[in-house]
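Read the structure below first, then the notes.
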Amino acid sequence: VILQDTTVKGDIISLENLNKIEIHDNVIVAECGVVLSKLVREAIDNNLSGLENLATIPGTLGGALVGNAGAFNSTIYDYLESITILRDNKLITLSKNDIAISYRHTEFKNSKDIILKAGFKLNKGDKDTMMEIVKNNIEKRKQSQPLEYKNAGSVFKNPENNFAGKLIEESGLKGYKINDAEVSMKHANFIVNKGSATCQDIIELIEYIQKEVYNKFNIKLELEQNIVKWD
């Protein structure tokens, strides 16, 4: 998420204390405030396979479920069995088939539902093999992404049969800056904060990238990130 520069108008609910994990045979149930990397490690420690490709995704389980987070050809919904949500002050449990899911998007992005916990049905696996996958993926991230700078991850969704980073790079935008907001030289689908970039700097850079890519390729890049406004 990218947060507006001004003071928050309204309430913010922290779910960080919803951080319990339970394991029953090959089913792992975790609350929404669990950090995703911790969930993956807990599964691996119990020889449960299916989540290891998600270890490098920052943030919590709740956020990952809202945005249908994924990496290395895996998504958070691949092994999902159920989600418990708070909707209109009622606890509701949904199965995967009850949820509208698409690439980097779910129905929760457009609702007031609060995800409380989720259960995943995993496969038995070898701990050493899974840890090797995680280590390899971490190294790939280090080599290909600007982790040394503050950023909010991939800016745009990949268009069908194409890559946002490739389109941005071929538009000559690597290194393009608006104040301290810069298109990463390492991976063009990242906007990095080189010092004191504001939300407005990032929004203007996003809009400029969209305009330039559309002018060159007639493709409208769609945001993967969420810009949170409270005006």
Side-chain angles (χ1 to χ4, degrees), residues 1-43 46 48-71 73-123 152-158 160 199 203 206 222-231:
V1 294
I2 302 170
L3 302 178
Q4 203 171 5
D5 301 313
T6 56
T7 302
V8 176
K9 298 176 181 177
D11 300 319
I12 294 177
I13 302 172
S14 172
L15 302 174
E16 66 179 353
N17 289 329
L18 293 177
N19 55 18
K20 295 182 179 63
I21 299 174
E22 296 179 357
I23 296 176
H24 310 281
D25 295 324
N26 65 328
V27 174
I28 186 166
V29 179
E31 294 181 332
C32 62
V34 171
V35 175
L36 197 56
S37 58
K38 180 182 178 182
L39 174 62
V40 175
R41 184 58 195 251
E42 194 74 18
N46 286 273
L48 295 176
S49 174
L51 301 179
E52 49 271 19
N53 277 337
L54 307 179
T56 58
I57 298 175
T60 62
L61 173 60
L65 288 165
V66 169
N68 190 15
N73 298 314
S74 298
T75 79
I76 191 67
Y77 280 87
D78 289 346
Y79 293 87
L80 182 82
E81 188 170 56
S82 65
I83 291 181
T84 299
I85 65 171
L86 183 65
R87 176 182 289 171
D88 298 327
N89 293 321
K90 296 178 182 177
L91 291 177
I92 300 173
T93 298
L94 305 172
S95 69
K96 180 178 177 179
N97 292 334
D98 296 325
I99 305 165
I101 305 166
S102 59
Y103 173 64
R104 300 297 183 264
H105 189 271
T106 71
E107 63 183 76
F108 301 118
K109 277 196 172 184
N110 305 314
S111 78
K112 294 183 179 180
D113 298 334
I114 298 177
I115 296 174
L116 299 177
K117 64 180 180 180
F120 301 88
K121 191 172 184 178
L122 304 177
N123 300 315
S154 298
V155 180
F156 301 102
K157 300 178 183 178
N158 286 324
E160 189 173 358
C199 176
I203 290 173
I206 285 169
E222 184 180 348
L223 266 182
E224 182 173 328
Q225 297 176 350
N226 293 319
I227 300 171
V228 180
K229 299 182 179 180
W230 32 75
D231 287 343

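In what follows, every heavy atom counts, from backbone to side chain, and hydrogens, waters and symmetry copies are set aside.
- With a 6.0 Å radius and a threshold of 12 heavy atoms from other residues, nucleotides or ligands, D25 has its CG atom at or below the threshold.
- When each of L91, T93, L116, I115 is tested with I85 by the rule side-chain contact (heavy atoms from CB on, under 4.5 Å), just one qualifies, namely I115.
- Shown here is K38, whose NZ atom has no more than 12 heavy atoms of other residues, nucleotides or ligands within 6.0 Å.
- E52 and S49 make their closest contact through OE2-OG, 2.8 Å (heavy atoms, listed as atom of the first residue, atom of the second, distance).
- Summarising the local packing, CG of D5 is surrounded by more than 12 heavy atoms from other residues, nucleotides or ligands at distances under 6.0 Å.
- Minimum heavy-atom separation, A30 to I21: CB-CG1, 4.1 Å.
- Atom CG of residue L80 and atom CG of residue L51 lie 10.0 Å apart, to the nearest 0.5 angstrom.
- Of the possible polar contacts, none joining the Y103 side chain to the E160 backbone as a donor-acceptor pair under 3.5 Å is found.
- Within the 3.5 Å criterion, the main-chain N or O of K20 finds a donor-acceptor partner in the side chain of E31.
- L94 and F108 get closest at one heavy-atom pair: CD1-CZ, 4.1 Å.
- K117 is not listed as a side-chain neighbour of L18, based on a closest heavy-atom distance of 4.5 Å or more.
- Note: I92 CD1 to S82 OG = 13.5 Å, rounded to the nearest 0.5 Å.
- The closest side-chain heavy-atom distance from R104 to N158 is not below 4.5 Å.
- For the pair I206/I227, a side-chain contact is recorded, criterion being any heavy-atom separation below 4.5 Å from C-beta on.
- A 4.5 Å side-chain heavy-atom check between I28 and N46 finds every atom pair outside the cut-off.
- For N110, the CG atom counts as densely surrounded, since its 6.0 Å shell holds more than 12 non-hydrogen atoms of other residues, nucleotides or ligands.
- Taking every heavy atom of both residues into account, I83 and Y77 meet most closely at CD1-OH, 3.8 Å.
- Here the side chains of V155 and L223 are in contact, with some heavy-atom distance below 4.5 Å.
- Atom CG of N68 sits about 4.5 Å away from atom OG1 of T75, to the nearest 0.5 Å.
- Counting only distance, with no hydrogens or angles, the side chain of Q225 and the backbone of G153 share a donor-acceptor pair below 3.5 Å.
- Expressed to the nearest 0.5 Å, how far CG of L3 lies from CD1 of I12 amounts to 7.5 Å.
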Under 3.5 Å, side-chain donor or acceptor atoms of residues 53-66 against the rest of the protein: list the pairs with distances, not counting sequence neighbours.
unit_1, atom_1, unit_2, atom_2, d
N53, OD1, N137, ND2, 2.9
N53, ND2, F72, O, 3.3
N53, ND2, S74, OG, 3.0
T56, OG1, R141, NE, 2.8
T56, OG1, R141, NH2, 3.1
T60, OG1, G63, N, 3.4

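- When all heavy atoms are compared, the tightest approach of E81 to K121 is OE2-CD, 3.7 Å.
- If you take CD1 on I76 and CG on L39, they are separated by 6.5 Å, rounding to the nearest 0.5 Å.
- The distance from atom CD1 of I114 to atom NZ of K112, rounded to the nearest 0.5 Å, is 11.0 Å.
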